[in-house]
Amino acid sequence: MRPFPLSSLWFIFAALLLCSLYAGHASANPAELYQQSGMAQHQQHFQAALQSAQQRYARQLPPAVQETLVRNSSQRFEPQGMHDRAQARLALAMEPAAIQQALTFFNSPLGSKIVSAETRASAPASVAAMQQGLPAQQLSAERRALIERLATRLPALELGVEVSMALTGLAAQSANDLLGGLMKIPQQGGSESRDRLREQMRPNLSDTLAYIYRDLDDDELTRFAEWTESAGGQSFYRATEQAVRDALNP
């Protein structure tokens, strides 16, 4: 069992925040679809990851900095605010017809199975298990090709970068706030940091997707890949990426 880099844990949340913002009723109502999709559960899992990050930094930082970190992160990642920002972006980014196409897919048995796989993967216990290493997976050439096909369409890598940047920047932001501008501690921002995170996460992308969707058979993976490549699927995933970025960055 090979090690699973800590930086890739935030990628898992990406896989969680990315694919299942919609499922349920046939109404083109982003707030209703957001709730029915499992996104509310993903939000709870993100909050658990945030608490873990706060606790980890608390062991490394002076109490005053730690208190500032908790205050800053609680304000920035306040759950209802994240819900509201994501839903507002979805309403702006998707036409009603595109929402209906997403609903048709995610309300199908396959869509429900995908949502179940993603919410299971985002659970704290699952993330903790994956931190110890992904189980060995024997993939046929055909299945590997399907996973690679999904990897080119799902915005998991970019969302993983955004989640990681948001969480790892907390300590530096809090220290800077405490110092009041007297000196600046570099934050993990900018294109270079994003490029570095992408390079760290990229080698794990296919294996992680293969593990998350391990209960889908090859036919189901094929239909999933076809959806991601369709006009409706592409519209959905573009909107998802924007919504997650808005949720993380008030």
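Keep in mind that what you see is a predicted model, and the values were worked out from it rather than measured.
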Are the charged groups of [X] and [Y] less than 4.0 angstrom apart, N to O?
X: E229; Y: R149; result: yes
X: R202; Y: E199; result: yes
X: E241; Y: R245; result: yes

How long is the gap from [atom1] on [X] to [atom2] on [Y], to the nearest 0.5 Å?
X: L157; Y: T208; atom1: CG; atom2: OG1; answer: 10.5 Å
X: S122; Y: Q44; atom1: OG; atom2: CD; answer: 9.5 Å
X: R153; Y: F224; atom1: CZ; atom2: CZ; answer: 13.0 Å
X: L50; Y: S73; atom1: CG; atom2: OG; answer: 5.0 Å
X: E226; Y: L146; atom1: CD; atom2: CG; answer: 9.5 Å
X: Q87; Y: L90; atom1: CD; atom2: CG; answer: 7.5 Å

Do you see a donor-acceptor pair shorter than 3.5 Å between the side chains of [X] and [Y]?
X: Y213; Y: E118; answer: yes
X: N249; Y: R85; answer: no
X: Q43; Y: Q47; answer: yes
X: Q234; Y: T228; answer: no

Can you find a heavy atom in the side chain of [X] that is under 4.5 Å from one in the side chain of [Y]?
X: P250; Y: M82; value: no
X: V163; Y: F46; value: yes
X: Y211; Y: Q137; value: yes
X: M201; Y: R198; value: no
X: T119; Y: V115; value: yes
X: L216; Y: L110; value: yes

Surrounding CD of E78 (heavy atoms of other residues, nucleotides or ligands, distance under 6.0 Å), is the total greater than 12?
yes
Are the side chain of K113 and the backbone of D215 linked by a donor-acceptor contact shorter than 3.5 Å?
yes
Does any N or O in the side chain of S235 come within less than 3.5 Å of the main-chain N or O of A231, such that one atom is a donor and the other an acceptor?
no
If every non-hydrogen atom of [X] is compared with every non-hydrogen atom of [Y], which pair is closest and at what distance?
X: A243; Y: A86; result: CB-O, 3.7 Å
X: L197; Y: S164; result: CD2-OG, 3.6 Å
X: S206; Y: R144; result: CB-NH1, 3.8 Å
X: A166; Y: L248; result: CB-CD2, 4.3 Å
X: I212; Y: A117; result: O-CB, 3.5 Å

Do F105 and F236 have their ring centres less than 6.0 Å from each other?
no
Could you work out, with side-chain contact (heavy atoms from CB on, under 4.5 Å) as the rule, every residue matching R143, not counting sequence neighbours?
L139, S140, D218, L221
Walk me through it: do D246 and Q242 pass the test side chain to side chain contact (heavy atoms under 4.5 Å, CB included)?
CA-CA 6 Å; D246 283 4; Q242 294 169 9; 5.5 Å; no
Check against side chain to side chain contact (heavy atoms under 4.5 Å, CB included), R76 and N72:
CA-CA 6 Å; R76 176 176 176 177; N72 286 343; over 6 Å; no
Step by step, work out the salt bridge (charged side-chain N to carboxylate O under 4.0 Å, His left out) result for R89 and D84.
CA-CA 9 Å; R89 175 53 59 185; D84 291 345; over 6 Å; no
Using the rule given for side chain to side chain contact (heavy atoms under 4.5 Å, CB included), can you reason through H45 versus S126, listing the C-alpha separation, both sets of side-chain angles and the distance that settles it, and then say yes or no?
CA-CA 11 Å; H45 293 164; S126 295; over 6 Å; no
